[in-house]
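Worksheet: one structure, shown below.
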Amino acid sequence: MLYTAVTAAAAGVAPRSATLFAQQAAIAVDPLFLGFYERMGGAEVFGEPLTGRYELDGRQVQLFENFLLEHWPEHSGTDYDVQPGLLGVKVSGNRYFGQAQPLRDSSQIIYVPETRQSLRLGFLSFWRDRGGVDLFGYPVSEEVVDDGITAQWFQRGKLTYAADRTPEIQIADLGRTWLSQAQDDLAATYEVNAPPATVPGGSTPLRLVITNSGTDTWAASGDAAVTVGFRWADRHPPRDRESPASISLPSDVAGGEQVEVNTLISLPTAPGQYRVQPDLQQNGEWFSAKGVATPTVDTPARLAEPEMRIGLLDISDDNPGVTTATITSTNGLRIVDEGGNEMAELTGGESVVIHRDIPGEQHVLQLPDNERESTVGRVKVFPLEGSMLRLMEAAPWTTYRGSFEFIWLPRYSSAWLVNILPLEDYLSGIAEQGDHIPWEALRASAIAFRSYAMATRSERRASNLAFDAAGSTHHTPTMYTRHQVYHGMAREFSGTRLRQAVADTRGQVMTYDSHTIMAVYFSRADGHTRSWHETWGGAFKPWAVGVPDPYSVGQTLLGHGIGLPLRSANAMAETGANGEQILASYYTDVDFGAIY
């Protein structure tokens, strides 16, 4: 994917017109913007006009000391025909400031899912009282220190705080800053080919083509040399990793000329969806700090996707009436014994019926044409290419990705049919949530499903058990109420948005103290959730404590009450919360990381 970033100076106010505007005196507020200007606070909020009305990127605009106002004729007749432009993004050069840990909102601090930042205390009150998102947009930074004072950047503006002035909180004059940047003749355009994913700890190639869109020559050497630097632009641990080394320009780059830079980016040793931000630097100052926009490039580090073993069918005295496993396929299957010897190959639609033989602890296979085969150990069934397997006893959910194993488990005096498949395919078949709930609720669910699956998988594999999770409360009664309700391809037949959410959150889990949590969840709360320790006993789990749940007030409890109430997740997503904020509101003090 090709990313192109054009600076505000190059695409915005031209240097000559900026000088002309700045020299004019007693500029009036244009009638096109006067209504919005007066409604939102006038000169106290916007400062004085710095320009008359002019055209910028196809829109009529007027620049003020603190804001840029734009006319949106397509919204004529509404409150949104005039809107502040993205001056905070332009002046900041689109640089990455870091992201906040998702948190549960309170009266003193809120999490803003749209930009994954937070607002707190005085800045929060000021933002709310002065027009909120309609004036400032969403925050694009946390509180930072700029020029020795506390500041917070927003999409459309900037707030600053200093205890020794009155008032302590003020709106920064970004309009004047933008004019100054435009007069600097400093501009750059980046073209970046997104690098491929690589293994954690590996290196990925990065190719940049940078155009000098301004008039000043970039020196390749000397005291004013321009170099290409890089900063990490993500919140994944380890946060103290070193940034990639800067690169010198091969030669001076005059205005209008290009330079190509090729480098290798060394990735952290832990998997994650990492991002890196290239930026030019001169005399220790980043170009983005002067309003020169810079791209952010995805550099994912990935491990192989884990495999899951899911118990689909329990053939035991606990499941009366079920004595066989009948397996067919959409386009053919192959059966092998535990030693890898092929026992049969069937075409699409042909069935094998596997019987358990308790006294002999062996399996009897009834093949087409009444042929019978007996074997001990595991019977493995693989789909042929382009085929999927079906288990008829699991009706009404019969079709599954991956392969099957038929195994004898002396511990339960039973036989089991196990589905073996990649973890992401398993998660896409979980039927705990419908497909048409809000997108962020699906993302939250996918992360919770994956966290629970991986914690359960780790626990059961440490005990050398035959499968990682049971598939349903109906077909696996020996494991009743254990694990997640899994319907295989039937879940995808009802819609693929869950699969999309699983892909969007690939590898992401919730962690506490660097360990994946067993993220239990339930259907509906009754105004608050419960503590794991108080409900089930055992060791105290600090991430599973009871919390108030405003989304279920007046309802009755449906489920164990621990962790995420799925219906509340859906309701919270309707209010605009993102998946991580939803999860952080019900699992206390968790972090988010990737495990593959």
Side-chain angles (χ1 to χ4, degrees), residues 5-13 18 33 36-37 40-41 44-47 49-51 56-57 59 61-70 72 80 82-100 110-120 122-147 149-162 169-182 184 186-187 231 233 277 279 285-296:
V6 182
T7 73
V13 181
F33 305 107
F36 183 87
Y37 171 87
M40 300 302 290
E44 182 182 353
V45 169
F46 294 91
L50 298 179
T51 73
L56 173 65
D57 296 334
R59 294 194 181 279
V61 305
Q62 185 170 17
L63 183 65
F64 294 78
E65 287 182 299
N66 303 336
F67 292 95
L68 173 72
L69 293 186
E70 299 177 343
W72 291 64
Y80 300 100
V82 173
Q83 300 177 37
L86 300 179
L87 196 57
V89 174
K90 294 176 185 291
V91 174
S92 71
N94 201 33
R95 72 182 185 269
Y96 178 78
F97 290 97
Q99 293 177 348
I110 65 169
Y111 178 73
V112 182
E114 289 81 2
T115 53
R116 304 196 175 193
Q117 304 292 348
S118 66
L119 266 166
R120 61 191 69 209
F123 280 162
L124 173 59
S125 298
F126 192 99
W127 179 79
R128 282 173 168 164
D129 294 342
R130 302 302 199 281
V133 68
D134 288 343
L135 180 63
F136 292 95
Y138 297 114
V140 294
S141 79
E142 292 295 287
E143 294 180 7
V144 296
V145 177
D146 279 349
D147 299 324
I149 62 173
T150 301
Q152 185 159 21
W153 290 81
F154 295 80
Q155 292 168 318
R156 297 166 166 174
K158 179 184 179 182
L159 294 178
T160 63
Y161 168 82
I169 296 177
Q170 298 180 12
I171 303 173
D173 56 350
L174 292 190
R176 290 195 179 279
T177 304
W178 196 38
L179 278 182
S180 176
Q181 291 174 349
D184 283 342
L186 191 66
R231 291 170 293 185
Q277 189 172 52
D279 197 353
E285 188 173 7
W286 297 103
F287 275 28
S288 59
K290 300 178 181 180
V292 180
T294 179
T296 299

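Note that the structure is predicted; figures quoted are calculated from it, not measured.
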Determine, step by step, whether D173 and F67 satisfy the side-chain contact (heavy atoms from CB on, under 4.5 Å) criterion, reporting the C-alpha distance in whole Å, the side-chain angles of both residues, the deciding distance to 0.1 Å, and the verdict. CA-CA 8 Å; D173 56 350; F67 292 95; over 6 Å; no
Would you please test V91 and Q181 for side-chain contact (heavy atoms from CB on, under 4.5 Å) and show each step? CA-CA 8 Å; V91 174; Q181 291 174 349; 3.6 Å; yes
Starting from the C-alpha separation in whole Å, work towards a yes-or-no answer on side-chain contact (heavy atoms from CB on, under 4.5 Å) for L50 and R176. CA-CA 8 Å; L50 298 179; R176 290 195 179 279; 3.7 Å; yes
Step by step, work out the side-chain hydrogen bond (donor to acceptor under 3.5 Å, both in side chains) result for S288 and D279. CA-CA 7 Å; S288 59; D279 197 353; 2.6 Å; yes
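Checked by atom type and distance alone, the side chain of E142 never pairs as donor or acceptor with a backbone atom of F97 at under 3.5 Å. Although no hydrogens or angles enter the test, the distance criterion places no donor-acceptor pair under 3.5 Å between the side chain of R156 and the main chain of L69. A donor-acceptor pair under 3.5 Å is formed between the side chain of S92 and the backbone N or O of V89. Side chain of E70 to main chain of Q83: no donor-acceptor pair is present (N/O by atom type, distance under 3.5 Å, no hydrogens or angles).
Rounded to the nearest 0.5 Å, atoms OG1 (T160) and CH2 (W153) are 11.0 Å apart. From S180, atom OG reaches atom CG of L174 across 12.0 Å, with rounding to the nearest 0.5 Å. With rounding to the nearest 0.5 Å, the separation of CD in Q170 from NZ in K158 is 12.5 Å. Remark: Q62 CD to L56 CG distance equals 13.0 Å, nearest 0.5 Å. To the nearest 0.5 angstrom, T150 atom OG1 is 6.5 Å from E143 atom CD. Summarising the geometry, atom OH belonging to Y80 is positioned 12.5 Å from atom CH2 belonging to W72; distances are rounded to the nearest 0.5 Å.
Summarising the geometry of K90 relative to W178, their closest heavy-atom pair is CD-CZ2, 3.8 Å, with the distance given to 0.1 Å. When all heavy atoms of P139 and T115 are compared, the pair lying nearest together is O-OG1, 2.5 Å. Q277 approaches Y96 most closely through the heavy-atom pair OE1-N, 3.2 Å. The shortest non-hydrogen separation linking Q152 to S141 is NE2-O, 2.9 Å. Closest non-hydrogen pair, N66 versus G47, comes out as ND2-N, 3.7 Å. The two residues I110 and W127 come nearest to each other via the heavy atoms CD1-CZ3, 4.3 Å.
The aromatic rings of F154 and F136 are tilted relative to each other, their planes meeting at an angle between 30° and 60°.
Both tests do not hold together for R95 against W286: distance to the six-membered ring centre under 6.0 Å, angle to the ring axis within 45°. For the pair R130 and F126, the cation sits on the ring face: its NZ or CZ lies under 6.0 Å from the ring centre, inside 45° of the axis.
Inter-residue side-chain proximity for Y111 and L119 is flagged as unmet; no heavy-atom pair is nearer than 4.5 Å. The side-chain heavy atoms of Y37 and V45, taken from C-beta on, include no pair separated by under 4.5 Å. Looking at heavy atoms from C-beta onward, I149 lies out of side-chain contact with Y161 at the 4.5 angstrom threshold.
Atom CD of E285 is surrounded by more than 12 heavy atoms from other residues, nucleotides or ligands within 6.0 Å. Other residues, nucleotides and ligands contribute at most 12 non-hydrogen atoms within 6.0 Å of the OH atom of Y138.
Not less than 6.0 angstrom separates the ring centroid of F64 from the ring centroid of F33.
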